Amino acid sequence: MRAVSANRAKRRRTKSGASVILICFLAVGLGIVAYFAFQYYLLMGGSSELRNAVDAGAINVSKRVFQLRVPAKGEFSDCADTSGRIGLSNVNRVWGKAYLINANMEEMQRDGLAKPEAGSNADMAYQQAQNINDMIAGKLKSKHLLDKYFNQVANSRQASMLGADATVNTEENGMWATAMVDRGAESNLKVSQPQLPKGARLNRVKGAAAGYTPVTANNKVFCFVPFKQGEMPHLISDFYFDKNRGDTNPVPNAPNPLPNAFKESGAVNTTNVALSAAASAVANPGQTYDLAMPHCFVSLIFTNRARWFVEKKQITDTEYGTVPEVQWGVKRIPLGPPCGGKLDGYGKLGNEYTRGSIWAVINSIPGDHTPALAPMLQRIREIDPRYSMNKLVALLRNAPFQPGASRYFIYPEYRTQDLTDPQIKIAPDTGGLPPWLNPNTLLDGMETNVFQEPVSVDDPNSNFQVITEGKYSNGKHEARNSGSIKWTPGTGFGGCLGSLRLARQTDLYFSGDQ
Amino acid sequence: MKKKICGTRKSKGQSLVETMTAFFILLPIGLAGLDIATLVSATQQNEGLAETASRSASFGVDQKSAQLRAEEAVEGFQTGVIVKSVAVDKLNFDLGKGTVSVTTVAEVKLPVPFPFFNEVTCRATSLQPIVSTRADR
């Protein structure tokens, strides 16, 4: 009986409800899996938010980096922006001007026309440009300065999936570096070959100086920063950035070249998680400039000399001005046989300056004077690269010759404050010149002949004579008008790029010959 | 001898009950999980879209061109059964701060509709620096 009861009791313990327990365990397990899956999603999502915030911060750095500027001083104050400062966007103007000064020096040296001060002027220009470059480099390579641009945007983007208090900030000891990317690509400095002095060669890409491609002039190295045309600041791959880092792959021979790419890293630090990410971006100012020397000028000088000959023997020489005058250059000069007696002679001088325009004055002695303007035109192109011989001739043709003025300045006028739109003008040295133009700037080059005018007899100047106490009252006489055009080059340091001198000479011959 | 079985219960139908109980617990959890996974995916897609739209808008030069660019970026998004529609909800082009923020909105239809919870509107905002502005001259 007892055994039967035990068996019955055993049968009473059924398997019902066992699966419910299993289901409960499964439900709990599923819940745990779901919880971890959700946490994983938050982590991945937060990581993505962090990466996007760092990307935006890096782009903001590459965009704002152009705000880091230094005051423009000395020789390069004319290369500054509208607030008188120089930064990464316009530093190529500084290097361009320094390059032109040194290329001019090299040309003058090759031609044997460089005074000793030309060399020291070119050295000073280079040193000043290097100083400006180094000051800008100090700012661009300052993590502290660039971090504020990073945080401007990154802080505004929260990584809310990582926590309510999760904001993105720069890492104190995180990855931060600068690089020189797009080596060999175009810079933002447009260059045209005709504006370069003889013998100068600047590597050009798409009409602009090539960036991070050092070029030498006067034994000095010049390096421009590339900014691809038509591009805006944008992200680049870390691989491309690291390949062009300034510390591991420097630009050869270039002294302290400025970087154009920046790597920033940001991090999120909360009680639950610490994550970091890095991004690299390349800067681009979206502005282009012409290679130019904005506050420079050339001068045009007229000098006149008269030589007095009696019976082919030079008696004296005098100077005359740019206003017609009569000079009695020979008085009571005894004549030899057969005429004998005494000769008084005078010359009507300065008549070449009554032609109206400066161009007419230049052409008062027949001949094509255009080739003589070539060295002056090249230097004017260093101010305005688009200037042409036609424009120069038109300028001289439309400029009235002012009686009494013997020196003229060809200089640029600007409407924009950053001096990028030169309008070439000409004016005499009698006043009204721009305040930056110092008419007493000394040229650091030596004069050379560039054009010899043919002889023109009795035109525009002539002579007359009176013979007294002689066999005849008059004799053969003539005025031989000619001249030479001389060019004195300048490096441009101090402002003067050169001077063209029209040295007129009138040889007055007197005699008793019949 | 008459066998008297006292206290035994019929086991017929027990498995069915247990199965039904399982369904009532596990099935809603599973379906809710599907909805959550769909929502998560849609949210991520919307955030990515906001990022793309804001990056595109950052190349604009003014509010109008930035809006056009953002809308063009959004138009390229392939909607479907789950993400029914996407649009640019708000765009703030602030030249003073130098940033543009774009908010995109996505209408998500959950695969497993629950009472009062079968469609969800997801919003995502992204902020980018405006890169079209040139450096000062």
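Per chain, numbering begins at 1; letters A, B, ... match sequence-line order. In this text, all values refer to a predicted model and were calculated from it rather than measured experimentally.
At distances below 3.5 Å, not a single donor-acceptor pair connects side-chain atoms of B:Gln128 with backbone N or O atoms of A:Ala56. In this structure, the side chain of B:Arg137 does not engage the main chain of A:Asp81 through any donor-acceptor pair within 3.5 Å. Checked by atom type and distance alone, the side chain of A:Lys63 never pairs as donor or acceptor with a backbone atom of B:Thr133 at under 3.5 Å.
Using a 4.5 Å cut-off between heavy atoms, A:Asn90 makes no contact with chain B at all. For chain B, the nearby part of A:Ser89 is the side chain; its heavy atoms alone come within less than 4.5 Å. Heavy atoms of A:Leu30 lying under 4.5 Å from chain B belong exclusively to its side chain. Neither the backbone nor the side chain of A:Ser48 comes within contact range of chain B; no heavy atom of the residue lies under 4.5 Å from a heavy atom of that chain.
In this structure, CD in A:Glu49 is found 5.0 Å from CD in B:Glu47, a value given to the nearest 0.5 Å.
Atom CD of A:Gln417 has 12 or fewer neighbouring heavy atoms from other residues, nucleotides or ligands inside a 6.0 Å radius. Surrounding CD of B:Glu119 are more than 12 heavy atoms belonging to other residues, nucleotides or ligands, all under 6.0 Å away.
Using a 4.5 Å heavy-atom cutoff, the side chains of A:Tyr41 and B:Ile36 are not in contact. For the pair A:Leu235/B:Arg55, a side-chain contact is recorded, criterion being any heavy-atom separation below 4.5 Å from C-beta on. A:Phe66 places none of its side-chain heavy atoms less than 4.5 Å from the side chain of B:Arg134.
Of all non-hydrogen atoms in B:Pro129 and A:Ile59, the two that sit nearest each other are CG-CG2, 3.6 Å. Shown here for A:Gln287 and B:Ala135, the closest heavy-atom pair between the two residues is NE2-O, 2.8 Å. Closest non-hydrogen pair, B:Ser132 versus A:Met232, comes out as CA-SD, 3.7 Å.
For the pair B:Asp136 and A:Arg85, the salt-bridge criterion is not met [side-chain N within less than 4.0 Å of a carboxylate O].
In terms of heavy-atom pairs under 4.5 Å with chain B, the best-connected choice from A:Gln67, A:Arg64, A:His234 is A:Arg64. Looking only at heavy-atom pairs under 4.5 Å with chain A, the residue among B:Thr99, B:Leu127, B:Thr125 that has the most is B:Leu127.
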